[in-house]
Structure formats: C-alpha cells, structure tokens
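Starting from 1, each residue takes its place in the sequence as its number. Only this structure's heavy atoms are used, side chains among them; waters, hydrogens and symmetry mates stay out.
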Amino acid sequence: MTDPDSGLSLANAPTPVTPTPFGIPWSIWFWGGLLSLTGAAFALAPFQTASLLRTDLHPLAEPWARMFGLMLIAYSLAYHVAGWTGARTYMRASVVLRLCSPLAIGALVFTGNLPKPWMMVGLVDLAGAIWTAIELAWRPKARPV
C-alpha cells in the first residue's frame, strides 16, 4: 500500500518499458531473445543442445554447459535492457563485438577446435550485427528539447 500523502500512487508509477527515442530496436530485441532461448536450452538440456551443433558433451562437462547457459541468459538481459532504454552506445558496441564473433568462431573451426556447424552461429551473429548497424543508421538520434 502507498501512503496517500506521499504523492506516490499506482496511477503515476513509471512504466516498466521506456519507449526508445528512435522506435523499437527490433534487432536488439531479437538477439536478446535468441540468446535467452539458447541459454535456456543449454541450462535445461545441455546434451541435446550440444548435439544440435554436432558437438559431443562429456558428462563431466555438463555442469559447465549448464553454467554457460545461465551466463548466456544473464548476458541476454543486457540486450533486453538496451532495447527497453534505447541505449544506443551499447547497441553500437554490440555491433563491433558481433562483427568480430564470426572471425573468432571461424578461426576455431579452421583449427579444428569447433565442428563446422558452429559457423552458423557466427553467420547468424554477423547478420544480426549488420541488421543492428542498419537500424542505428536508419533511425536518427533523438534531438534534445
């Protein structure tokens, strides 16, 4: 309950989602959702998720795969918050990071440390980075009032 004299009430409570000054950043929302789903898949079913990527998961590595899933979920929250708040700086930084991802994954595939299906992860990441860069360039910055 709120004290009526304090000026706080449910009627003037802030909205949980702040509209971004340049519209909805769909690429950031999509990437955050994809990371959340992947994290949940690794946390809940690590063996089945690894097999989709044609990767054998040793039984002793199961706790690490589950922890990886939880870390992915935590990482995805940054994308959800960036989408809610319109944090353009974070979005621009994510483009740079996601452009480097296919290079790192490609190097691991080329050296035999990852199976070839992992390149799809890098290519999806690359496509998302390009999508985000186009969205950021297409939507102008909010002008101060």
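For the pair T132 (side chain) and S27 (backbone), a donor-acceptor distance under 3.5 Å is absent. Formation of a donor-acceptor pair under 3.5 Å by the T111 side chain with backbone atoms of L108 is found in this model. Side chain of R66 to main chain of F42: no donor-acceptor pair is present (N/O by atom type, distance under 3.5 Å, no hydrogens or angles).
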Can you list, pair by pair, the side-chain donor-acceptor contacts under 3.5 Å of residues 70-78, counting residues two or more places apart and other chains?
from	atom 1	to	atom 2	distance (Å)
Y75	OH	Y79	OH	3.2
S76	OG	S36	OG	2.8
S76	OG	I73	O	2.6

Pairs under 3.5 angstrom only: tabulate donor-acceptor contacts from the side chains of residues 117-125 to other protein residues two or more places apart or in another chain.
from	atom 1	to	atom 2	distance (Å)
W118	NE1	T55	OG1	2.7
D125	OD1	R98	NE	3.3
D125	OD2	S101	OG	2.8

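At a threshold of 4.5 Å between side-chain heavy atoms, the hydrophobic network of Ile, Leu, Val, Met, Phe, Trp and Tyr places W26 and L136 in one connected group. No continuous path of ILVMFWY side-chain contacts below 4.5 Å connects F110 to L114, so the two sit in separate hydrophobic clusters. A continuous path of hydrophobic side-chain contacts links L97 to W131 [ILVMFWY only; heavy atoms under 4.5 Å].
Heavy-atom minimum distance, R54 versus P115: O-CG, 3.3 Å.
At most 12 heavy atoms of other shown residues, nucleotides or ligands fall within 6.0 angstrom of atom CG in D56. Residue Y90 places its OH atom among more than 12 non-hydrogen atoms of other residues, nucleotides or ligands, all under 6.0 Å distant.
Between the CG atom of L99 and the CD1 atom of I130 there is a distance of 7.0 Å, given to the nearest 0.5 Å. How far CD1 of I28 is from CD of E135: 7.5 Å, rounded to the nearest 0.5 Å. Atom CD of residue Q48 and atom CG of residue L57 lie 9.5 Å apart, to the nearest 0.5 angstrom. We find the CG-CH2 distance between L34 and W31 to be 5.5 Å, quoted to the nearest 0.5 Å.
Sorted pairs that involve residues 43-64 and meet ring pair (Phe, Tyr, Trp, His ring centres under 6.0 Å), not counting sequence neighbours, are lacking altogether.
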